[in-house]
Amino acid sequence: MADVEEVEVVVAHSRRVTLRVGDVFLKVDVDPAHADVEVRAMALAPIPTPAVLWREPPALAIAAVPGKALGVLGAPSTASPAAWAAAGAAIRKLHDAPLPPWPGPVLEDLAAELDRECAWLLANGVLPAEVVRRNREIAEAALRPWEPAFIHGDLQITHVFVDGDEVTGVIDWSEAAPGDALFDLATLTLGHEERLDDLLVGYGDAVDRDVIRGWWSLRGLTASRWLIEHGFDPDAPGCEFDVLRARMGEP
């Protein structure tokens, strides 16, 4: 690290800061439980993950993984169909692994959160009432009992790295838990719905696409307030609000 010329701010808000210093990512989180889960989950996951270099709460240092992210929210992914298929195969391997020994999301809590966040969106005029109502309706498909799988829990497109057509690492495991496998698939393809078919080539096509659509709507509705309150813009092109608006044109 003696040759480092700059420090890159990857994420910064009141609860967490992630910096890139050369080939090291330094994460500082006010909640030490997040780092606990991240370290334990990476040790259990049967797919490529970053190496943990050191930990001194509240800081965690991990090595950068080679390659580049599948893409970013708000722009078309330049990764090949084969890279997306490889990501699907890696996710399937994770979902088929033994469950991590800590609790995951509870269906009743998710339903209550959805009601609460929709009420906030309507009360504050953040989105047109019809957009909220229609997406709330679509989200119902996700609110059903599921067979728990080992899920990443925050499988955003920027968290899966590939080199050519090979997955080189999956990062940011602080939300890993037993949960709904289709939530991971929906999170990875949020704003990149056109790549779902490529993903399922590697994952397997025996999935309920209506449930994935439900998770697209549910995640957009429930994440918006957090994003706004932490300085992010869900109304940026291709981001959460565009995902919610896109559902209006579907039967």
Side-chain angles (χ1 to χ4, degrees), residues 10-11 15-18 20 23-70 83-107 109-110 142 145-163 165-190 199-200 202-204 206-207 211-212 215 219 223:
V10 180
V11 175
R15 307 294 295 176
R16 180 183 300 174
V17 174
T18 301
R20 180 165 187 164
D23 290 331
V24 175
F25 284 94
L26 181 63
K27 308 175 76 169
V28 181
D29 196 308
V30 298
D31 186 351
H34 289 153
D36 290 342
V37 169
E38 181 154 14
V39 171
R40 294 175 68 192
M42 289 193 296
L44 294 172
I47 60 177
T49 62
V52 176
L53 302 178
W54 54 263
R55 184 181 178 198
E56 186 66 38
L60 171 66
I62 61 174
V65 297
K68 62 180 182 178
L70 271 178
W84 277 88
I91 298 166
R92 168 62 81 177
K93 189 173 183 180
L94 175 68
H95 291 169
D96 287 343
L99 297 178
W102 56 84
V106 176
L107 179 58
D109 293 344
L110 291 170
W146 58 74
E147 182 69 27
F150 187 163
I151 67 169
H152 179 279
D154 189 23
L155 199 64
Q156 301 178 46
I157 193 170
T158 54
H159 292 168
V160 178
F161 280 70
V162 295
D163 186 2
D165 299 335
E166 179 182 354
V167 174
T168 55
V170 178
I171 67 171
D172 285 5
W173 289 81
S174 62
E175 303 297 325
D180 182 8
L182 299 192
F183 176 69
D184 272 352
L185 301 183
T187 303
L188 185 57
T189 53
L190 186 78
L199 185 72
L200 295 181
Y203 186 85
V207 300
V211 173
I212 292 178
W215 277 120
R219 184 176 175 94

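Predicted model only: the values in this text are computed from it and were never measured.
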For this session: Go through the steps to decide whether R55 and D36 satisfy the test salt bridge (charged side-chain N to carboxylate O under 4.0 Å, His left out), and finish with yes or no.
Result: CA-CA 10 Å; R55 184 181 178 198; D36 290 342; 2.5 Å; yes
Interatomic spacing from [atom1] in [X] to [atom2] in [Y] - rounded to 0.5 Å:
| X | Y | atom1 | atom2 | result |
| --- | --- | --- | --- | --- |
| L185 | I212 | CG | CD1 | 5.0 Å |
| R16 | S174 | CZ | OG | 4.0 Å |
| T187 | I151 | OG1 | CD1 | 8.0 Å |
| I157 | L190 | CD1 | CG | 9.5 Å |
| L26 | W54 | CG | CH2 | 5.0 Å |
| T18 | D29 | OG1 | CG | 8.0 Å |

With a 4.5 Å cut-off on side-chain heavy atoms, are [Y] and [X] touching?
| X | Y | value |
| --- | --- | --- |
| D172 | H34 | no |
| I91 | V160 | no |
| P46 | L94 | yes |
| T49 | W173 | yes |
| R40 | P100 | no |

Considering non-hydrogen atoms only, spot the tightest contact between [X] and [Y] and give its length.
| X | Y | result |
| --- | --- | --- |
| P145 | L107 | N-CD2, 3.9 Å |
| F161 | P66 | CB-O, 3.9 Å |
| A35 | L60 | CB-CD2, 4.4 Å |
| V207 | L200 | CG2-CD1, 3.7 Å |
| A149 | H95 | CB-O, 3.7 Å |
| R92 | Y203 | NE-O, 2.9 Å |

Exercise. If only atom types and distance count, is the side chain of D163 paired as donor or acceptor with the main-chain N or O of K68 below 3.5 Å?
Worked result: no
For this session: Could you tell me how the ring of H152 sits relative to the ring of H159: parallel (under 30°), tilted (30 to 60°) or perpendicular (over 60°)?
Result: tilted
